[in-house]
Amino acid sequence: MRLNRILLSASLIVVALVVQVSILARLQLPGAVPDLLLLTVLALAMVYGPTGGSLVGFGAGLLADLAPPADHAVGRYALVLCVMGYLAGLAKPEGGKLRSATGPLVVVVGAAISSTLLYAGVGALVGDTAARDVGLGGLLFTASLYDLLLAPFTVPWIMALARRGEHDPVADASGGAGGDVAAGWLTSGGAKGLAIGRQRGLRARAMKSRVARAGRIKGVKRL
């Protein structure tokens, strides 16, 4: 991953995690908590592709595992978001531009359901039965509903920021400078060409006038 990708992804993930822990988790909504971190990973993955999406998902999940008030095993959410990032990266649109909002919304719903099931499944393997106590069906429904409602206000903007970060300002600047240099070179070259042409034209006229004068003088002498 390039440096601009890492910096942009890290900043977006930190902001999403802070908002999720400090605001969304305190709303006391029934069922699941709106997963802004998951939506951020999905949006970045649909721009960066499967490899970049899996790396972003792993980093975001590991940060969520370590951030308080995490009460689960470290690496559990990292595994979930790594898989979600990879799968969402497979849905990267051709050319990097979205043709409709249907695709991302389907990805969001599928990821909300899949991440909840995968998180509960990994929890069952390590002995965590919290999902059973709350009710897996209610978690799936509320997670899909909350993420679907939050997605139109987050996913398009994050994808737009990620696409803008893909452009290299150094390359753009050098390209612009190269264009200016080429334009200046052509302009100066054209001016020099015109000047040389004018000088050659003046020289040719001077030679013709000299020849004409010499012919007249010779004619006079002959007469």
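For the single chain, residues carry numbers from 1 onward in sequence order. Just so you know, these numbers use all the heavy atoms, side chains as well, and skip hydrogens, waters and symmetry mates.
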Report whether Ile23 and Trp157 are members of the same hydrophobic cluster (ILVMFWY, side-chain heavy atoms less than 4.5 Å apart, transitive linking).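 No; tracing contacts between hydrophobic side chains, which count when under 4.5 Å, never links both residues.
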What about Leu38 and Leu27, same hydrophobic cluster or not, with Ile/Leu/Val/Met/Phe/Trp/Tyr joined at side-chain heavy-atom distances under 4.5 Å?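 They do share one cluster, since a chain of ILVMFWY contacts under 4.5 Å joins Leu38 to Leu27.
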Nearest heavy atoms of [X] and [Y], plus distance in Å:
X      : Y      : answer
Gly85  : Ala45  : O-CB, 3.3 Å
Leu8   : Ala162 : CD2-CA, 3.6 Å
Leu139 : Gly31  : CD2-C, 4.1 Å
Ala64  : Tyr77  : CB-CD2, 3.7 Å
Ser9   : Val56  : OG-CG2, 3.9 Å

Please identify each residue that fulfils side-chain contact (heavy atoms from CB on, under 4.5 Å) with [X], with sequence neighbours left out.
X      : result
Tyr146 : Leu29, Pro30, Pro34, Thr142
Val15  : Val19
Leu90  : Pro50, Tyr86, Leu87
Leu79  : Val83, Val122

Counting only N and O atoms by type, is there a donor-acceptor contact under 3.5 Å from the side chain of Arg76 to the main-chain atoms of Tyr119?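 Indeed, once roles are kept as given, a pair shorter than 3.5 Å links the two residues.
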Are any side-chain N or O atoms of Lys92 and backbone N or O atoms of Val47, one a donor and one an acceptor, separated by less than 3.5 Å?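 It does hold such a pair.
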Would you compute the distance between atom [atom1] of [X] and atom [atom2] of [Y] and round it to the nearest 0.5 angstrom?
X      : Y      : atom1 : atom2 : value
Leu44  : Ile13  : CG    : CD1   : 6.5 Å
Leu81  : Leu55  : CG    : CG    : 13.0 Å
Met84  : Phe58  : CE    : CZ    : 15.5 Å
Arg164 : Asn4   : CZ    : CG    : 13.5 Å
Asp147 : Ser115 : CG    : OG    : 7.0 Å

Can you check whether Val155 reaches Met46 side chain to side chain, under 4.5 Å on heavy atoms?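 The answer is yes, as the side chains (C-beta and beyond) meet within the 4.5 Å cut-off.
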Which pairs, with at least one residue in residues 38-47 and sequence neighbours excluded, count as a side chain to side chain donor-acceptor pair (under 3.5 Å)?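 Sorted result for residues 38-47: empty, none.
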Check: residues 103-114 side-chain donor-acceptor pairs under 3.5 Å, at least two apart:
{"residue": "Ser114", "atom": "OG", "partner": "Gly110", "partner atom": "O", "Å": "2.7"}

For a side-chain contact (heavy atoms from CB on, under 4.5 Å) with Leu37, tell me which candidate from Val21, Val18, Leu12, Leu17 qualifies.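 Considering Val21, Val18, Leu12, Leu17, a side-chain contact (heavy atoms from CB on, under 4.5 Å) with Leu37 is found only for Leu17.
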